[in-house]
Amino acid sequence: MTNETAKSRSSWYIYFFGALGGLLFGYDTGVISGALLYIRSEMKLTSLEQGLVVSAVLLGAIIGAAIISPMSDRFGRKKMVMLSALIFLIGALLSGFSPDVIVLVIARVILGVAVGGASALVPMYLAEISPARIRGTLSSLNQLMIMTGILLAYIIDYSFANVTNGWRYMLAFAALPAIILLIGGVLLPESPRFLYKVGRTEDAKNVLMRLRGDNEEEVNDELSVIEKANKQESGTLKDLFSKLVHPALVIAVGLCIFQQITGCNTVLYYAPTIFSQVGLGNSAAILGTVGIGVVSVITTGIAVIIMDKFNRRTLLNFGSVGMAVSLFTLAIVTNFAEKGSGLSAWIVMIALAVYIVFFSATWGPIAWVVMAEVFPLNVRGLGTGFASVIDWFADLIVSLTFPILLTWLGTSIFAIYGIICILAIVFVSKFVFETRGRSLEDIEQELHNRAK
């Protein structure tokens, strides 16, 4: 009994450190919202320079997702996780010690490379080391870490708000979890599926024995399934766009796009702006943003628990309905209620919180989970990297266009996001097949059956 407990604890340590890249992902995308207020005045940034400082991470993320994830098919998942941690560390320190805006933008691009790499690597690594019966739960730890990182960023921003050169501490703080990930990464095992793919069969079995609590029968069954799916050579771009992979590509890219264009980052990045639209002061708006972060972390934690108790498709469609109702409520209240009204302010805060609850429990984690599940082994790194590039590009477009659309359309923009949520239901119902409880190899067989 003691030995089983020790094995269980060892496995959870692996899953925790495997997901830690998500915390850095969340922190480095969220911290700039508070730091920019002080950077802007100290460096006397123009509007263009402010935009570059904010969006540099997204640009770097596109590069990182395009390069680091495909490299994992050649060098392994573990090495690329550690490379991302090292890049996080360099980017965080360079950001905190930036002497001017040019160096700061370069530092933010470097951070973005790590963010983009982690966004594809972490869910893929967790999916490949997790048992099929709880893969959704363990893979969704990534989203929990992302939301925790964003909340941590909000708290650190508030903590250093009145400190001289506080923005430097805000940005440099990311070096601490980067160091923890780098140290923890040394002890992480390589993905058993990658080890088997490169011919290290005995190493793959040893890792699975460690992860499955020395259950040799379960390990041998899993190795047998991996062997059947492992007869293909490493894939190329041609393979990625082949008839076999086409359904997986449609699912992954579609989920990534809808995850972004349903308005998630307009709420996470622009919550203070939304609150100010109904007449809240700056301090109340910032406090409301922290509240949104707390709700997001709690809900994502609940999602981790329920992820493997309900079908992915059911949760996605349920989330879309809740998000749509919340967004339509936002559009109606902010357009027709009296500005500064206490009642309208409360309705807006509740609608935003409800939106975050539905997003964090469904589209937030599930899009990443399914993306890591649906691709065949020979193009899994390439496929998740490609889908992550699309995700970050969609994020960049939404983040850049929201302030413009808010100026042109006012808060009616939320009604448009609500309509997109309804379209997301159509997409999921038509194109996404169920993956809950199925082994990665069984999902790959589903693609073969659909290709016939």
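Given the structure is predicted, the values throughout are model-derived calculations rather than measurements. Below, each value reflects all heavy atoms present in this structure, side chains not excepted, and no hydrogens, waters or symmetry copies.
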Where do [X] and [Y] come nearest, in terms of heavy atoms and distance?
X: Leu255; Y: Leu316; value: CD2-CD1, 4.0 Å
X: Val207; Y: Pro189; value: CG1-CB, 3.8 Å
X: Glu42; Y: Asn165; value: OE1-OD1, 3.6 Å
X: Gln259; Y: Trp368; value: NE2-NE1, 3.3 Å
X: Ala387; Y: Cys256; value: O-SG, 3.5 Å
X: Leu182; Y: Leu86; value: CD1-N, 4.1 Å

So, the side chain of [X] versus the backbone of [Y]: is there a donor-acceptor pair under 3.5 Å, distance only?
X: Lys197; Y: Pro192; value: no
X: Glu128; Y: Arg193; value: no
X: Tyr27; Y: Thr148; value: no
X: Ser98; Y: Ser95; value: yes
X: Ser84; Y: Met80; value: yes
X: Arg77; Y: Ser191; value: no
X: Glu434; Y: Arg313; value: yes
X: Glu49; Y: Val101; value: no
X: Ser41; Y: Tyr38; value: yes
X: Arg436; Y: Arg312; value: no

Supply the atom-to-atom distance [X] [atom1] to [Y] [atom2], rounded to the nearest 0.5 angstrom.
X: Thr314; Y: Ile366; atom1: OG1; atom2: CD1; result: 9.0 Å
X: Lys79; Y: Ile68; atom1: NZ; atom2: CD1; result: 15.0 Å
X: Ile416; Y: Ile420; atom1: CD1; atom2: CD1; result: 7.5 Å
X: Leu20; Y: Leu188; atom1: CG; atom2: CG; result: 9.5 Å
X: Leu423; Y: Ser320; atom1: CG; atom2: OG; result: 10.0 Å
X: Met124; Y: Thr384; atom1: CE; atom2: OG1; result: 4.0 Å

Among Phe431, Phe359, Phe427, find the one that has a ring pair (Phe, Tyr, Trp, His ring centres under 6.0 Å) with Phe258. Phe427
Check against side-chain contact (heavy atoms from CB on, under 4.5 Å), Ile146 and Leu23: CA-CA 5 Å; Ile146 293 172; Leu23 186 141; over 6 Å; no
Got a sec: does the CZ of Phe433 have more than 12 other heavy atoms crowding it under 6.0 Å? yes
Check whether more than 12 heavy atoms from other residues, nucleotides or ligands sit under 6.0 Å from atom CD1 of Ile102, and answer yes or no. no
Tell me, do [X] and [Y] make a side-chain contact under 4.5 Å, heavy atoms counted?
X: Leu382; Y: Phe386; value: no
X: Leu104; Y: Leu171; value: yes
X: Leu59; Y: Trp392; value: no
X: Val81; Y: Leu181; value: yes
X: Ile425; Y: Val428; value: no
X: Ile150; Y: Ser296; value: no
X: Val115; Y: Leu24; value: no
X: Val325; Y: Val354; value: no

Just do the side-chain contact (heavy atoms from CB on, under 4.5 Å) check on Ile32 and Ile39 with the steps written out, would you? CA-CA 9 Å; Ile32 198 64; Ile39 298 170; 4.2 Å; yes
Look at the rings of Tyr169 and Phe160 and say which category their plane angle falls in: under 30° parallel, 30 to 60° tilted, over 60° perpendicular. parallel
With side-chain contact (heavy atoms from CB on, under 4.5 Å) as the criterion, how do Phe375 and Leu249 come out once you've worked through the C-alpha distance, each side chain's angles and the decisive distance to 0.1 Å? CA-CA 8 Å; Phe375 286 107; Leu249 197 61; 3.9 Å; yes
Between Ile261 and Tyr417, does the side-chain contact (heavy atoms from CB on, under 4.5 Å) criterion hold? Intermediate values first, please. CA-CA 7 Å; Ile261 65 175; Tyr417 292 139; 5.8 Å; no
Tell me yes or no: between the side chains of Thr262 and Trp363, is some donor less than 3.5 Å from an acceptor? no
Using the ring pair (Phe, Tyr, Trp, His ring centres under 6.0 Å) rule, collect all pairs that involve residues 311-335, keeping only residues at least two apart or in two chains. Phe318-Phe358
